[in-house]
Number of protein chains: 2
Amino acid sequence: MRRKSLAGAVCPIARSLDVIGDWWSLLIVRDALRGMRRFSEFQKSLGVSKNILTQRLRTLVAQGILELAPATDGSAYREYVLTAKGRDLFHVLVALGQWGQEHLDPPAGSRLTMVDRARGEPLRRLELRARDGRVLGPGDTIMTKIA
Amino acid sequence: MRRKSLAGAVCPIARSLDVIGDWWSLLIVRDALRGMRRFSEFQKSLGVSKNILTQRLRTLVAQGILELAPATDGSAYREYVLTAKGRDLFHVLVALGQWGQEHLDPPAGSRLTMVDRARGEPLRRLELRARDGRVLGPGDTIMTKIA
DNA sequence: GATGACAGGTTTCATGATGGAACCAGTTGG
DNA sequence: CCAACTGGTTCCATCATGAAACCTGTCATC
């Protein structure tokens, strides 16, 4: 049977994973955040086959994460650009990046890290704070139903 | 051909997705953070078939995200508990949850949100800050090679 | 200490998703 | 006008997913 759709889940995490929880989507968004816009750029960067890329780009557009825009270089081609909804995935990618950097060994000789572009300095770790400013950890939150 | 392994990728985001970028793993971690420990609890909560759940739990254990511990109720069964590495996925889940809550419509009548357990108050949005305290957005960071 | 139910799987099989390669139409550069 | 490039589509083999049946060890009860 087809994998179950989580689109109608009550849990917002499950709904998110339904949309961007597949193998390629977040990597496409990552590249888009780095400024990539063209089909061929994504294909080259990801090494994914073209039929799959076509399919993923189409769903991302359908979900309002990317949109098609006329090419910036004046050619007749079109480019994929992030919408506000797509750019809001930034924190998801940062969280994934910080976790990977901390817990997964990089290949020998090339360690990448995200830095503050303006100053070239390393970033702080993401922190979740309560309204009163306390930093919250895994045990300090709970899901509740709201009106 | 099998989906390409990203385990040796230079990008920490890609390495993370290689480990927890599949359909179920993060949902299992979400449930584990909520306190679930038993095979049957996960199966009931996720509605996944048992062979798939077996497989996912095994990889999560192999990756050091979960570990097997003797049951807390004194029975001979074993339970799956998060390691520190697994608990560190908290921010990834928070980021996914905040994005889903903001951009994906919940099913009618049941909106869930994450709150500060101690006070029942809503949380602040995750913020990424530079070392000097500036809040950084998608355009303000860049990946660099470090020694 | 037999017995039936439950926990936690494994096996089998059908079906859907993935990926490589070949092919193709519209665009561009020369 | 022709060749190469962009951005796909189609076809096919293979892999992963999922449902259901089965199986083994544990627990609760009598």
Side-chain angles (χ1 to χ4, degrees), chain A residues 1-9 14 17-28 31-32 35-63 66-82, chain B residues 1-9 14 17-28 31-32 35-63 66-82:
Chain A
M1 188 190 260
R2 79 179 319 106
R3 88 220 291 198
K4 181 170 316 190
S5 166
L6 301 170
L17 289 171
D18 187 69
V19 174
I20 42 95
D22 75 277
W23 197 251
W24 294 112
S25 296
L26 281 176
L27 291 172
I28 293 172
D31 284 348
M36 291 189 191
R37 317 176 122 239
R38 300 292 281 260
F39 187 94
S40 52
E41 287 182 296
F42 293 118
Q43 207 223 327
K44 189 174 169 192
S45 162
L46 302 174
V48 60
S49 47
K50 300 203 281 181
N51 51 354
I52 305 295
L53 181 56
T54 302
Q55 187 180 305
R56 289 294 178 268
L57 288 171
R58 236 191 276 287
T59 24
L60 288 172
V61 169
Q63 293 287 347
L66 293 175
E67 62 189 357
L68 279 163
T72 48
D73 62 359
S75 76
Y77 297 112
R78 314 227 291 166
E79 297 179 342
Y80 295 92
V81 296
L82 286 167
Chain B
M1 188 190 261
R2 79 178 318 106
R3 90 221 289 197
K4 180 170 315 190
S5 167
L6 301 170
L17 288 171
D18 187 69
V19 175
I20 42 93
D22 75 279
W23 197 253
W24 294 112
S25 297
L26 281 176
L27 291 172
I28 293 171
D31 283 347
M36 291 190 191
R37 316 176 123 240
R38 299 291 281 259
F39 186 93
S40 50
E41 288 182 295
F42 292 118
Q43 206 222 328
K44 190 173 168 192
S45 163
L46 302 173
V48 60
S49 46
K50 300 205 278 182
N51 49 357
I52 305 296
L53 181 56
T54 301
Q55 189 180 303
R56 288 295 179 266
L57 288 171
R58 236 192 274 286
T59 6
L60 289 172
V61 169
Q63 292 288 346
L66 293 175
E67 61 189 356
L68 280 163
T72 47
D73 62 0
S75 75
Y77 297 112
R78 314 227 294 167
E79 297 180 343
Y80 296 91
V81 296
L82 285 168

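Numbers restart at 1 for each chain; the letters A, B, ... are given by sequence-line order, proteins then strands. When reading the values below, keep in mind they use all heavy atoms of this one structure, side chains included, and skip hydrogens, waters and symmetry mates.
- Summary for the helix from C:dG1-D:dC30 to C:dG30-D:dC1: the axes at its two ends, each from 5 pairs, differ by 30° when rounded to the nearest 10 degrees.
- Remark: P of D:dG18 and CD of B:Gln43 are 12 Å apart, rounded to the nearest angstrom.
- Spacing between atom CH2 of A:Trp23 and atom P of C:dG16 amounts to 23 Å, rounded to whole angstrom units.
- Partners of B:Thr59 by side-chain hydrogen bond (donor to acceptor under 3.5 Å, both in side chains), not counting sequence neighbours: none found.
- To the nearest 0.5 Å, atoms OG1 (A:Thr72) and OH (A:Tyr77) are separated by 14.0 Å.
- If you take CG of B:Leu68 and P of C:dG8, they are 11 Å apart, rounded to a whole angstrom.
- Considering only heavy atoms from C-beta on, B:Leu82 comes within 4.5 Å of B:Leu66 through its side chain.
- Residue B:Tyr80 is in sugar-phosphate contact alone, with no base atom involved, counting any heavy-atom pair closer than 4.0 Å across all strands shown.
- Here the straight-line distance linking atom CD1 of A:Ile52 with atom CD of A:Gln55 works out to 5.0 Å at 0.5 Å rounding.
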With a 3.5 Å cut-off and sequence neighbours excluded, list the donor-acceptor pairs that the side chains of residues 40-48 of chain A form with protein atoms.
| unit_1 | atom_1 | unit_2 | atom_2 | d |
| --- | --- | --- | --- | --- |
| A:Glu41 | OE1 | A:Arg37 | N | 2.9 |
| A:Glu41 | OE1 | A:Arg38 | N | 2.9 |
| A:Gln43 | NE2 | A:Val48 | O | 3.4 |
| A:Ser45 | OG | A:Asp31 | OD2 | 2.6 |

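- Regarding contacts with the backbone of C:dT18, a side-chain N or O of A:Arg56 is found under 4.0 angstrom from either OP1 or OP2.
- Residues B:Thr54 and B:Phe39 meet the side-chain proximity criterion, which asks for heavy atoms closer than 4.5 Å.
- What you find for A:Val19 and A:Ser25 is that their closest heavy atoms are O-OG, 4.4 Å.
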Polar atom pairs between nucleotides 21-25 of chain D and protein, under 3.5 Å, N or O only, would you list them?
| unit_1 | atom_1 | unit_2 | atom_2 | d |
| --- | --- | --- | --- | --- |
| D:dG25 | N2 | B:Tyr77 | OH | 3.3 |

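- When each of A:Ser75 and A:Ser49 is assigned the nucleotide of DNA chain C bearing its nearest heavy atom, the one mapping closer to the 5' terminus is A:Ser49.
- Considering every non-hydrogen atom in both B:Leu60 and B:Ile28, the closest pair reads CD1-CG2, 3.7 Å.
- For A:Asn51, taking side-chain heavy atoms from C-beta onward, the closest of the listed nucleotides C:dA21, D:dC27, C:dT27 is C:dA21.
- Look at B:Arg38 and you won't find any side-chain N or O under 4.0 angstrom from OP1 or OP2 of C:dA7.
- Considering only side-chain atoms of B:Ala76, the nucleotide from C:dG8, D:dG7, D:dC27 that sits closest is D:dC27.
- What separates CG of B:Asp22 from P of C:dA17 is a distance of 16 Å, to the nearest Å.
- A distance of 10.0 Å separates CD of A:Glu67 from CZ of A:Arg78, quoted to the nearest 0.5 Å.
- Following rounding to the nearest Å, B:Leu53 (CG) and D:dA19 (C1') show an atom-to-atom distance of 14 Å.
- Close to C:dT18, at under 4.0 Å from its OP1 or OP2, lies no side-chain N or O of A:Trp24.
- Here B:Arg78 does not reach the OP1 or OP2 of C:dG8: none of its side-chain N or O atoms lies under 4.0 Å away.
- Residue order along DNA chain D, read from the 5' end via each residue's closest nucleotide, puts A:Leu57 first among A:Leu57 and B:Gly74.
- Taking atom NZ of B:Lys44 as the reference point, atom C1' of C:dC6 lies 13 Å away to the nearest angstrom.
- Within the 4.0 angstrom heavy-atom criterion, only backbone atoms of the sugar-phosphate kind lie near A:Gln55; the bases stay farther away.
- Residues forming a side-chain hydrogen bond (donor to acceptor under 3.5 Å, both in side chains) with B:Ser75 (at least two apart in sequence, or on another chain): B:Asp73.
- Summarising the geometry, the separation between CD1 on A:Ile52 and P on C:dG16 is reported as 16 Å, rounded to the nearest angstrom.
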Quick one: which protein N/O atoms are closer than 3.5 Å to N/O atoms of nucleotides 1-3 of chain C? Pair and distance per line, please.
none

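- C:dG29 atom C1' lies 13 Å from atom CG of A:Asp73, rounded to whole Å.
- Here B:Thr54 lies in heavy-atom contact (under 4.0 Å) with a base.
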